[in-house]
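Working notes, structure below.
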There are 2 protein chains.
Amino acid sequence: MLTNMPDLSHGADAAAVNALRSAIMRIGRRLKHQRVDESLSPTEMSVLGTLARCGSATPGELARKEHVQPPSMTRIVALLEAKGLVRLEPHPEDRRQKVVSQTETAEAMLEESRRKRNAWLAQLAEGLDADEWEKLRAAAPVLEKLAHLQ
Amino acid sequence: MLTNMPDLSHGADAAAVNALRSAIMRIGRRLKHQRVDESLSPTEMSVLGTLARCGSATPGELARKEHVQPPSMTRIVALLEAKGLVRLEPHPEDRRQKVVSQTETAEAMLEESRRKRNAWLAQLAEGLDADEWEKLRAAAPVLEKLAHLQ
DNA sequence: TCAGGGTAATGAGTTATGCTAACGAACATG
DNA sequence: CATGTTCGTTAGCATAACTCATTACCCTGA
């Protein structure tokens with residue numbers, strides 16, 4: 001434990017942290033249900049997302065990023081390849097490894113998925129008034145920064 | 001589709017919605033990994049959370065709330081009962097139904113779980129400056145309202 | 001140069017967690 | 001009281017994760 005009172009350094013309080021955690025987990029769970037393709041498991045979808053963010057990666061890197069064991073990633077990558085969503089190429093420097101990258105099909109599917117979830121979230125946000133939305137809008141870039149920290 | 005341009009009603013824009021969605025999903029995923037008890041599956045944990053929010057419920061109600069089929073909930077409740085985390089009592093008005101409620105053990109475990117996730121999030125928030133945190137703090141109640149909409 | 005240890009991916013088998021179908025008990029209604 | 005409906009459960013199955021073991025390849029040191 002690096003810090004046992006982590007909420008005092010910039011005026012944060014436990015209540016706000018608690019509200020944030022609870023709300024993020026709830027909304028996140030509901031967002032997860034807004035799937036565009038029922039034939040892809042959440043992990044497969046997540047791998048595609050990781051590939052979209054990081055470009056290409058080896059199966060081992062993907063396994064570490066997704067908190068999944070290497071054999072699981074082998075199978076997931078094989079399934080994605082069979083569906084035409086990723087491409088496998090030999091590693092240029094290490095013949096043990098492979099390089100996984102997403103296809104244009106996967107890019108289109110991801111975009112569609114983002115679109116659907118955005119639409120759902122935007123519709124949910126209809127229930128907010130202008131002032132509340134303004135606060136959310138101001139916090140959006142901060143949440144993005146938070147998501148990319150560490 | 002009730003509205004095909006849901007982002008114009010209160011000045012919302014697509015970029016903010018997109019940033020919110022992306023950040024919420026990423027932080028939500030990382031929060032999910034901060035588990036206090038590895039022996040409980042995510043769904044079991046979720047059921048305990050639902051019980052904490054709603055007091056007690058019948059297996060059928062729990063199945064609907066968790067988007068799970070009744071037979072799955074039967075098994076989940078049985079596992080939770082075997083672990084001493086929930087209690088089953090006969091329904092006072094309908095002898096077909098049962099009433100599930102959480103034990104003190106479960107309440108303590110949930111509190112510990114919230115504490116751990118809050119600590120993780122608070123530590124992550126260390127990377128923000130005072131202004132950024134203030135924006136997040138202002139948005140926290142709005143996110144909570146959003147999470148409970150509909 | 002080649003022998004050994006270490007790492008990457010994979011194969012095989014197991015476990016966990018969801019589903020559907022089918023059933024019995026309890027309610028509700030004609 | 002007869003019949004249909006609802007609730008929980010049981011049985012059987014599908015999927016997707018895990019662990020353990022294996023193969024192929026890299027790299028270092030004698």
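Letters A, B, ... mirror the listed sequences (proteins, then strands); counts begin at 1.
At whole-Å resolution of the value, CZ in A/Arg96 and P in D/dC25 are 10 Å apart. Rounded to whole Å, the distance from CE on A/Met45 to C1' on D/dT15 is 18 Å. Counting to the nearest Å, the P atom of C/dA28 and the CD atom of B/Glu93 are 10 Å from each other. At whole-Å resolution of the value, CZ in A/Arg95 and P in D/dT23 are 19 Å apart. Look at CD on A/Glu89: it is 14 Å from P on C/dA9, rounded to the nearest Å. One atom, CG of B/Asp94, and another, P of C/dA25, lie 15 Å apart when rounded to the nearest Å.
OP1 or OP2 of D/dG8 sits under 4.0 Å from a side-chain N or O of B/Thr58.
In the model, B/Gln69 has no side-chain atom that pairs as donor or acceptor with a side-chain atom of B/Ser72 under 3.5 Å. Inspection of the A/Arg115 and A/Asn118 side chains reveals no N or O donor paired with an N or O acceptor under 3.5 Å.
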At a cut-off of 3.5 Å, list every protein nitrogen or oxygen paired with a nitrogen or oxygen from nucleotides 16-19 of chain D, distance to 0.1 Å.
| unit_1 | atom_1 | unit_2 | atom_2 | d |
| --- | --- | --- | --- | --- |
| D/dA17 | OP1 | A/Thr43 | OG1 | 2.5 |
| D/dA17 | OP2 | A/Arg75 | NH2 | 3.0 |
| D/dA17 | N7 | A/Arg75 | NH2 | 3.4 |
| D/dC18 | OP2 | A/Gln69 | N | 3.1 |
| D/dC18 | OP2 | A/Ser72 | OG | 2.4 |

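Between the CZ atom of A/Arg53 and the CG atom of A/Leu110 there is a distance of 9.5 Å, given to the nearest 0.5 Å.
Contact detail for B/Ser39 and B/Lys83: the closest heavy-atom pair is O-NZ, 3.1 Å.
A salt bridge links A/Arg114 with A/Glu107: at least one charged nitrogen is closer than 4.0 Å to a carboxylate oxygen.
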Go through the steps to decide whether A/Glu66 and A/Ile76 satisfy the test side chain to side chain contact (heavy atoms under 4.5 Å, CB included), and finish with yes or no.
-> CA-CA 11 Å; A/Glu66 299 294 328; A/Ile76 291 166; over 6 Å; no
